[in-house]
2 protein chains.
Amino acid sequence: MDQILQPNPYSANCPTRLVLDRVADKWTVLVLGLLGNGPVRFNRLRREGEGLSQKVLAQTLRKLERDGLISRTAFPTVPVTVEYALTPLGHTLAAAVEPLRLWAEDHIEEVLRAQQAYDTQE
Amino acid sequence: MDQILQPNPYSANCPTRLVLDRVADKWTVLVLGLLGNGPVRFNRLRREGEGLSQKVLAQTLRKLERDGLISRTAFPTVPVTVEYALTPLGHTLAAAVEPLRLWAEDHIEEVLRAQQAYDTQE
DNA sequence: CAGTATCCTTTATGATACTG
DNA sequence: CAGTATCATAAAGGATACTG
């Protein structure tokens, strides 16, 4: 039975949830930000995304590629050079994520103060 | 040495990263959405957030409370009633997250098609 | 109702080594 | 350079039981 009277974006089988689950994680947000200003090579992403290991970076890039958010271009140099870039779709997502990044910058102080207040009295 | 000439939002010790790491996860986005239209009680959140277990919901709520994003109000009924609501700060975050939710709704089809294309040829 | 505590399983990540 | 493969470990999550 289990009929759905109105599409609930919070139900587990809602497609919106499927996308959010994939897209709302810190490494996705990070990589999208790193690619925001043009194509970047693998090892440069690795260096600039501190704390992001080679393995996790590779996994993240595969997923983003599968989702059609980034493109992968290999140049036949020796050794090979690989560039990652946002697709048009990826650009729209990067734009949607930007407010979140700005929020973090604007409100970091307030969050840290709230944490301290919570920790001291609790 | 490793001197930082300009603050890099992608370095691990950048405070923006600290906030994004906490805030850019699917349960946070989900709960903020559920609280967007006013206070909600614990078990209602549990029911409406399909796939979100009691344990994980409790953990998520504690973190959000610690970050100053939501408030917890206990009413001395029997049994006790607890309402969670966005703080003013939480409302600003919910607003910043909204574009991401809209993006997911608007582009789900395109993402699913990209995944199929990737899976068939690969 | 609104949780916490515990145990146990699954998943994710880290380190290391290796390849076209 | 740009990865993959493997193994070990840590972190996250589910199930269950219990409490003010």
For [X] and [N], give me the distance from atom [atom1] to atom [atom2], rounded to whole Å.
{"X": "Arg22(A)", "N": "dA12(C)", "atom1": "CZ", "atom2": "C1'", "answer": "14 Å"}
{"X": "Leu45(A)", "N": "dC1(D)", "atom1": "CG", "atom2": "P", "answer": "13 Å"}
{"X": "Asp25(B)", "N": "dA12(D)", "atom1": "CG", "atom2": "P", "answer": "10 Å"}
{"X": "Leu30(B)", "N": "dG13(D)", "atom1": "CG", "atom2": "P", "answer": "13 Å"}
{"X": "Lys26(B)", "N": "dA12(D)", "atom1": "NZ", "atom2": "C1'", "answer": "11 Å"}
{"X": "Asn43(A)", "N": "dT4(D)", "atom1": "CG", "atom2": "P", "answer": "13 Å"}

Residues [X] and [Y] bridged, charged N to O under 4.0 Å:
{"X": "Asp25(A)", "Y": "Lys26(B)", "answer": "no"}
{"X": "Glu109(A)", "Y": "Arg113(A)", "answer": "no"}
{"X": "Glu98(A)", "Y": "Arg101(A)", "answer": "yes"}
{"X": "Arg62(B)", "Y": "Glu65(B)", "answer": "yes"}

Exercise for the section: Please confirm whether the backbone N or O of Ala24(B) pairs with a side-chain atom of Thr28(B), one donor and one acceptor, at under 3.5 Å? Expected result: no
Practice task
Ignoring hydrogens and angles, tell me if any N or O in the side chain of Thr16(A) forms a donor-acceptor pair with the backbone of Ala104(B) under 3.5 Å.
Solution key: no
Touch class at under 4.0 angstrom, heavy-atom based, for [X] against every strand present:
{"X": "Val82(A)", "result": "sugar-phosphate"}
{"X": "Arg46(B)", "result": "nothing"}
{"X": "Arg72(A)", "result": "sugar-phosphate"}
{"X": "Phe75(A)", "result": "nothing"}

Problem - Members of residues 54-63 of chain B that approach DNA chain D, where some heavy atom sits under 4.0 Å away - result: Lys55(B), Val56(B)
Problem - Among dT13(C), dC1(D), dG3(C), the one nearest Val80(A) by side-chain distance - result: dC1(D)
Problem - Residue-phosphate contact under 4.0 Å: Ser53(A) side-chain N/O, dT13(C) OP1/OP2 - result: no
Practice task
Look at the side-chain N and O atoms of Tyr84(A) and state whether any lies under 4.0 Å from the OP1 or OP2 oxygen of dG3(D).
Solution key: yes
Practice task
Assess whether atom CG of Asn37(A) is packed by more than 12 heavy atoms of other residues, nucleotides or ligands within 6.0 Å.
Solution key: no
Problem - Dot-bracket notation for DNA chain D, counting Watson-Crick and G-U pairs under 3.5 Å, with | for partners on another strand - result: ||||||||||||||||||||
Fill in the blank from the handout: Contacts of Trp103(B) meeting side-chain hydrogen bond (donor to acceptor under 3.5 Å, both in side chains) (sequence neighbours excluded), chain-then-number -> Thr92(A)
Problem - Nearest atoms (heavy-atom pairs only) where Val29(B) meets Val23(B) - result: CG2-O, 4.4 Å
Exercise for the section: Would you mind telling me which residue lines up with the more 5' stretch of DNA chain C, Pro79(A) or Leu52(A), judged by nearest nucleotide? Expected result: Leu52(A)
